[in-house]
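Inspection log for the structure reproduced underneath, given as structure tokens.
Labels below follow one simple rule: chain letters A, B, ... track the order of the sequence lines, proteins then strands, and each chain is numbered from 1.
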There are 2 protein chains.
Amino acid sequence: MIAERRATTIVDVALHARVSQATVSRVLNGKTTVDPAIAARVRQAVTELRYRPSATAQSLVRGRTSTVAMIVPDLENPLFQGILRGVSRSAARDGYRVLVADTAEDAAEERSASLEARRRCDALVLCAPRMPDREFAEVIAASHPVVVVNRAVPESAAASVGVDYASGIRELASHLLGIGHTHVVYLAGPPASTSNAQRLAGLREFRATHPEFRITELAVGSTLDDGYRAAEDALATGASAALAFNDMVALGLLSRLRELDVPVPDRLAVAGFDDVPTARFATPSLTTMSVPRQELGAQAWQRLKALLDGDPAEHAVLFRPRLVVRDSTGRRP
Amino acid sequence: MIAERRATTIVDVALHARVSQATVSRVLNGKTTVDPAIAARVRQAVTELRYRPSATAQSLVRGRTSTVAMIVPDLENPLFQGILRGVSRSAARDGYRVLVADTAEDAAEERSASLEARRRCDALVLCAPRMPDREFAEVIAASHPVVVVNRAVPESAAASVGVDYASGIRELASHLLGIGHTHVVYLAGPPASTSNAQRLAGLREFRATHPEFRITELAVGSTLDDGYRAAEDALATGASAALAFNDMVALGLLSRLRELDVPVPDRLAVAGFDDVPTARFATPSLTTMSVPRQELGAQAWQRLKALLDGDPAEHAVLFRPRLVVRDSTGRRP
DNA sequence: TTGTAGGCGTTATCAG
DNA sequence: CTGATAACGCCTACAA
């Protein structure tokens, strides 16, 4: 016989313990005080029947799911992994779970995924959204509460945490200039990435105050392979140093340079951005700007939590990346 | 005035369109056919009121949440990232979302997270669970449908996908022996990892048929740092080759060897496991066993989907890792 | 302290 | 083709 088993509900427990549903609910939630003897009976019924309350029903009646969604362009990017980890662990401490959606760098998918995910969650974490401004504003308006990571947003519309890429890249440029590089090639990231735009802006600013500093721009991308493939073009620019969009690009570049027997940093110095775990272990070890990945996630959660609790939005926070000089830039060339 | 806005419900839409809730529900779900004029009125009301159905209410009445949970020991591990990505993308195609929980390599946390996550989802993906057998069985029994990744499980209890680590490491050992290494040191992974146990078993088997092959075992771990710190001990064993638990360990080891000016592969050959994205880009490039990370996730989803649809469980699948010879093992020493 | 009953937002059955 | 109405599983005034 095929026992089409309906999950056991609070009614079953009530019947089994010979009390009302209300009482079962009470002992399970520890709200009102209940007669110890009865409470014990209920608890026993619960274990005997292996009863576990339906989270869905609880969500419906309580008006919240205790779940938040996080939308990322690419789960393979160590930056987003770190942020996800930070959000996930912080949220767990407050009894929240995280739903994650990978949009595969597709701006259109980003919009629908956000809207759809928001329907089943209490809030949204938008990570480095690639959407055009119009859609971005629309999604934010429809998804409150929202916290945005790594993209500027009108203070009132949503909470935000981010990285000061402009200042970071200026510091990096300054470091390179300091050790004698007057011509660097910038390996640009995805066009839709606003953090790439911030880096470019930072570079322009630096250039404005340092006319002797020359920057050649190359459209590259964000992955190991993108960096690997950019090596020849980077060399062809004649620059003495390369500034990569992020560490992945830098690592890919390094590996190709090695194949080509191009000495780093002597012929070409290389710097990345993010300080991913492998950066320190690369050969030569990678000079980069450190970004607090998990902390970014933790801060994102803190802001989301405030909004969820109806507290006033906390101030946006912008982390200053920290310069980490390693061997890939070396000394004065 | 503080407008405590209740979200707009189907009732609001019905009122606005001067029809019943039933009709609204019908046009939204396209179930029964509805008078075109009325349908249009409803749709207009929907957009005007910006109505979006409550996923929670739908879940309650439909009896499913269209969400599955995935439990992983560590989100920073590239293997789990790849699997997550595979599950996430495959599930998305079938209209499912993925809830992710990082247990920080804590077996106790693993149990509670699984049970708790299962309450709000339709199914569970257990990734390389570290729990002791007893708890493992218990969690599985309480969480059906479940698919387990990278840990053996009684065929009837849950679906499973995995990697044939034993055969993989034998192939790797064979490669090393083939190029002349008769003494290798195995840098072991987390004691609670069953895939580590599988590797050890494979090594023992290989040893049984190749008495001239000597294996020294070292307790190391699973991270870059673990590998980095194991370098001196590995050298002290006098082995001519190191077999790392995974690529992270191997990469950490490589970087430390470089600092120590130990030539690889001449003084010590190094091999990893998993073929993570950075393995190819390491210096020297890393010999390793390739594991289809995303495919593992896709297969896991396929099995879960079958179970969710009430179809008979598909057969367990075990992927054979593929040997990828690169420079870190080199030629005959 | 305990039980009764109403409601959370949808879907689905069954009459009209 | 459309409209009441009963679930779905749980929580919470309110009443006893």
What is the bend of the helix from C/dT1-D/dA16 to C/dG16-D/dC1 when you compare the axis at one end with the axis at the other, using five pairs each and rounding to 10°?
->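 It works out to 50° between the end axes.
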
Are any non-hydrogen side-chain atoms of A/Tyr51 and A/Ile10 less than 4.5 angstrom apart?
->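 A/Tyr51 vs A/Ile10: side chains touch.
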
[N] [atom2] sits how many Å from [X] [atom1], rounded?
| X | N | atom1 | atom2 | value |
| --- | --- | --- | --- | --- |
| B/Gln21 | C/dG7 | CD | C1' | 13 Å |
| B/Asp35 | D/dG3 | CG | P | 10 Å |
| B/Lys31 | C/dT11 | NZ | C1' | 10 Å |
| B/Leu49 | C/dG9 | CG | C1' | 15 Å |
| A/Leu15 | C/dG3 | CG | P | 12 Å |
| B/Arg26 | D/dT2 | CZ | P | 7 Å |
| B/Ile10 | D/dT5 | CD1 | C1' | 14 Å |
| A/Arg119 | C/dG9 | CZ | P | 14 Å |

Comparing B/Val61 and A/Thr23 on DNA chain D - which has the more 5′ nearest nucleotide |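 Closer to the 5' end of DNA chain D: B/Val61.
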
Mind checking [X] for me? I need base, sugar-phosphate or nothing, with any heavy atom below 4.0 Å counting as a touch.
| X | value |
| --- | --- |
| A/Arg62 | sugar-phosphate |
| B/Val19 | sugar-phosphate |
| B/Val34 | sugar-phosphate |
| B/Thr56 | nothing |
| A/Ser25 | base |

Spacing of [X] atom [atom1] and [Y] atom [atom2] [to the nearest 0.5 Å]:
| X | Y | atom1 | atom2 | answer |
| --- | --- | --- | --- | --- |
| A/Ser222 | A/Asn77 | OG | CG | 6.5 Å |
| A/Lys305 | A/Asp311 | NZ | CG | 8.0 Å |
| B/Leu99 | B/Arg120 | CG | CZ | 7.0 Å |

Side chain to side chain donor-acceptor pair (under 3.5 Å) evaluation trace for B/Ser90 with B/Asp94 = CA-CA 7 Å; B/Ser90 313; B/Asp94 290 325; over 6 Å; no

If only atom types and distance count, is the side chain of A/Arg52 paired as donor or acceptor with the main-chain N or O of B/Glu116 below 3.5 Å?
-> no

Nearest-nucleotide pick for [X], side chain only, options being [options]:
| X | options | value |
| --- | --- | --- |
| B/Leu60 | C/dG9, C/dT13, C/dT11 | C/dG9 |
| B/Ser20 | C/dT4, C/dG7, D/dG3 | D/dG3 |
| A/Ala22 | C/dT2, D/dA4, C/dT4 | C/dT4 |
| B/Ile38 | D/dC11, D/dT2, C/dT11 | D/dT2 |
| B/Gln58 | C/dT4, C/dT11, C/dT2 | C/dT11 |
| A/Ala57 | C/dG9, C/dT2, D/dG9 | D/dG9 |

Salt bridge check: are B/Arg64 and B/Asp122 linked by an N-O gap of less than 4.0 Å?
-> no

Enumerate, atom names and distances included, each donor-acceptor pair closer than 3.5 Å involving a side-chain atom of residues 140-150 of chain A, sequence neighbours excluded.
from     : atom 1 : to       : atom 2 : distance (Å)
A/Ser143 : OG     : A/Val139 : O      : 2.6
A/Asn150 : OD1    : A/Val163 : N      : 3.3
A/Asn150 : ND2    : A/Tyr165 : OH     : 2.7

Under 4.0 Å: is that the gap between some side-chain N or O of B/Thr33 and OP1 or OP2 of D/dC1?
->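 Looking at the OP1 and OP2 atoms of D/dC1, one of them is under 4.0 Å from a side-chain N or O of B/Thr33.
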
